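A quick write-up on the structure given underneath.
Model, not experiment: these values are computed from the prediction. Values below: every heavy atom of this structure, side chains too, minus hydrogens, waters and symmetry copies.
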Amino acid sequence: MSSSGSLALPPSIEELPLELLHGELVCSGILLSYEEGDGDSSELLSKLEFIGFSTGYRLIERLLRDSPRFKDELDTIKFICKDFWVAVYKKQIDNLRTNHQGTYVLQDNSFKFLSKLSATKQYLEHGPKFLSYTCGIIRGALANLGIASVVIAEISTMPSCRFHITIPRAG
């Protein structure tokens with residue numbers, strides 16, 4: 001027990017509900033699309049991304065409740081890579097790259113939701129389904145901070161992935 005009298009859970013147990021919820025969202029969406037005879041997964045990806053957007057929008061609100069706003073876009077992205085990623089995935093992003101013109105690439109070399117999947121071609125095809133929720137989380141968090149963005153995920157080798165964030169520039 002912790003000093004407050006509550007049971008202290010090991011980190012792996014604390015992370016389990018998010019992993020289970022995410023897995024169930026993806027798997028139930030895949031099953032529903034097969035049952036409905038819809039071979040097109042774009043609707044499923046869109047739904048998962050929207051759920052992630054809502055989650056990210058609300059989560060960033062709670063994380064930054066009493067914090068001042070960031071001085072610029074790069075500071076905001078750095079916060080997403082460090083503190084926000086730790087709050088959600090219990091680790092920091094492994095690499096951040098930018099062209100300083102509104103394009104950012106966040107690389108996670110051992111992405112939690114891909115690390116349990118096999119690296120075979122069959123699972124590589126389903127990879128985007130496991131990343132669309134996180135694309136939504138990033139986009140929702142940025143939207144709440146006043147930054148409109150497009151987030152696209154890329155898998156080259158399992159369980160590594162990249163999230164490409166593009167922030168449109170005004171005319």
Side-chain angles (χ1 to χ4, degrees), residues 11-12 14-15 18-19 21-23 25-26 41-42 44-65 67-171:
S12 60
E14 288 177 353
E15 298 167 14
L18 177 62
E19 285 186 42
L21 175 63
H22 180 267
L25 280 170
V26 173
S41 65
S42 62
L44 169 62
L45 294 176
S46 180
K47 287 178 183 178
L48 289 170
E49 201 269 350
F50 179 75
I51 294 168
F53 180 91
S54 299
T55 303
Y57 196 91
R58 290 180 177 99
L59 185 58
I60 199 80
E61 220 166 59
R62 290 188 180 193
L63 287 173
L64 295 176
R65 186 175 318 160
S67 300
R69 292 293 179 186
F70 301 101
K71 65 180 182 178
D72 62 14
E73 188 179 274
L74 183 58
D75 274 352
T76 304
I77 298 294
K78 285 180 181 178
F79 174 82
I80 296 292
C81 292
K82 294 178 182 177
D83 302 308
F84 185 76
W85 213 257
V86 168
V88 178
Y89 299 110
K90 307 297 184 228
K91 67 180 284 287
Q92 290 185 6
I93 280 289
D94 295 306
N95 194 355
L96 166 65
R97 294 178 188 251
T98 181
N99 65 359
H100 298 285
Q101 296 175 5
T103 300
Y104 302 89
V105 179
L106 287 59
Q107 182 165 341
D108 192 327
N109 294 328
S110 182
F111 188 62
K112 177 181 295 219
F113 296 148
L114 294 178
S115 62
K116 306 265 190 301
L117 294 177
S118 170
T120 63
K121 185 178 181 192
Q122 170 192 359
Y123 290 102
L124 200 55
E125 292 172 11
H126 287 292
K129 295 175 183 107
F130 288 89
L131 297 177
S132 58
Y133 176 77
T134 301
C135 288
I137 285 180
I138 296 168
R139 199 171 65 81
L142 291 172
N144 192 325
L145 297 172
I147 299 174
S149 63
V150 175
V151 181
I152 300 169
E154 167 195 6
I155 303 170
S156 50
T157 57
M158 296 280 238
S160 178
C161 64
R162 291 186 186 116
F163 297 94
H164 298 265
I165 302 171
T166 304
I167 299 170
R169 299 292 183 216

Exercise: identify the closest heavy-atom pair between A141 and F84: CB-CZ, 3.8 Å
Do you know which two heavy atoms are closest between P168 and A148, and how far apart they sit? CD-O, 3.4 Å
Specify whether Y89 and W85 have parallel, tilted or perpendicular ring planes, treating 30° as the upper limit for parallel and 60° as the lower limit for perpendicular. tilted
List the atom of N99, the atom of Q101, and the distance in Å for their closest heavy-atom pair. OD1-N, 2.8 Å
Output the distance between atom CD1 (I137) and atom OG (S54), rounded to the nearest 0.5 Å. 10.5 Å
More than 12 non-hydrogen atoms from neighbouring residues, nucleotides or ligands closer than 6.0 Å to NZ on K91, yes or no? yes
Working to the nearest 0.5 Å, report the span between CG of L131 and CZ of F163. 5.0 Å
Where S160 and I155 come nearest, the two heavy atoms and their spacing: O-CG2, 3.7 Å
Taking distance alone, no hydrogens or angles, what donor-acceptor pairs closer than 3.5 Å link side-chain atoms of residues 57-65 to residues at least two apart or in another chain?
from: E61; atom 1: OE2; to: N144; atom 2: ND2; distance (Å): 3.3

Qualifying salt bridge (Lys or Arg N to Asp or Glu O under 4.0 Å) pairs with a residue from residues 133-158, counting only residues at least two apart or across chains: E49-R139, E154-R162
Under a 4.5 Å cut-off applied to non-hydrogen side-chain atoms, are L145 and R69 in contact? yes
Acceptor/donor pairs from residues 73-80 side chains to any protein atom, 3.5 angstrom cut, sequence neighbours excluded:
from: E73; atom 1: OE1; to: R169; atom 2: NH1; distance (Å): 2.9
from: E73; atom 1: OE2; to: Y104; atom 2: OH; distance (Å): 2.6
from: E73; atom 1: OE2; to: R169; atom 2: NH2; distance (Å): 2.9
from: T76; atom 1: OG1; to: D72; atom 2: O; distance (Å): 3.1

Scanning both residues in full, the closest heavy-atom pair of I165 with S149 reads CG2-CB, 4.0 Å
